[in-house]
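Following: one structure in structure tokens, then a few remarks.
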Amino acid sequence: QVQLVESGGGLVQPGGSLRLSCAASGSIFSIISMGWYRQVPGKQRELVAAITSGGSSNYADSVKGRFTISREHAKNTVYLQMNNLKPEDTAVYYCTAMGRGYWGQGTQVTVSS
């Protein structure tokens, strides 16, 4: 069983930055890949970034060069640093244990002037 709790969302102006955090419970955190997805109303949830247990990462083309995913095993936490935010980044962001079916409750990110 893995429980995921996201934090760090909010309202930011275009060009601004936010850092999302996802705290995970459960002893398997260190051996599983983690990811961030986002969803806007009426659209499918899309993968934003993912990171393996060894630290290898991949990103959606729309966020490459702006977002960075990282993880801290000692704290069972995965992060998403989001820089140069754009209005089209507005969405609910979800943390997930990749392929395991565990999801957080989501955190709203709104980019608007």
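These figures come from a predicted structure and were not determined experimentally.
The two residues Arg38 and Ser62 come nearest to each other via the heavy atoms NH2-OG, 3.4 Å. Between Ser112 and Pro14, the closest heavy-atom pair is C-CD, 3.6 Å. Among all heavy-atom pairs drawn from Val2 and Ala24, the shortest one is CG1-CB, 4.5 Å. Across all their heavy atoms, Leu4 and Gln105 have their closest contact at O-OE1, 3.7 Å.
When atom types are taken as modelled, the side chain of Glu72 and the backbone of Asn76 share no donor-acceptor pair closer than 3.5 angstrom. For Thr52 (side chain) and Ser33 (main-chain N/O), no donor-acceptor pair under 3.5 Å exists by modelled atom type. Side chain of His73 to main chain of Ser53: a donor-acceptor pair is present (N/O by atom type, distance under 3.5 Å, no hydrogens or angles). A donor-acceptor contact shorter than 3.5 Å is absent between the side chain of Thr90 and the backbone of Glu88. Looking at Thr96, its side chain does come within 3.5 Å of a backbone N or O of Tyr102 through a donor-acceptor pair.
A salt bridge links Asp61 to Lys64: one of the charged nitrogens lies within less than 4.0 Å of a carboxylate oxygen.
Side-chain contact of Tyr93 with Glu6: a donor-acceptor pair under 3.5 Å is absent, judged by distance alone.
Both cation-pi conditions hold for Arg45 and Tyr94: the charged atom is under 6.0 angstrom from the six-membered ring centre and inside a 45 degree cone around its axis. Remark: Arg66 fails to qualify as a cation-pi partner of Tyr59 under the 6.0 Å distance and 45° angle criteria applied to the six-membered ring.
Both Leu18 and Ile69 belong to a single network of hydrophobic side chains, linked directly or stepwise wherever heavy atoms of I, L, V, M, F, W or Y lie under 4.5 Å apart. Leu20 and Val111 fall within a single hydrophobic cluster, where Ile, Leu, Val, Met, Phe, Trp and Tyr are joined by side-chain heavy atoms under 4.5 Å apart, directly or via other members.
Looking at heavy atoms from C-beta onward, Lys75 lies out of side-chain contact with Phe29 at the 4.5 angstrom threshold. Under the 4.5 Å side-chain criterion, counting only non-hydrogen atoms from C-beta, Thr77 is not in contact with Arg71.
In summary, the aromatic rings of Trp36 and Phe67 are positioned with their centroids too far apart to meet the 6.0 Å limit.
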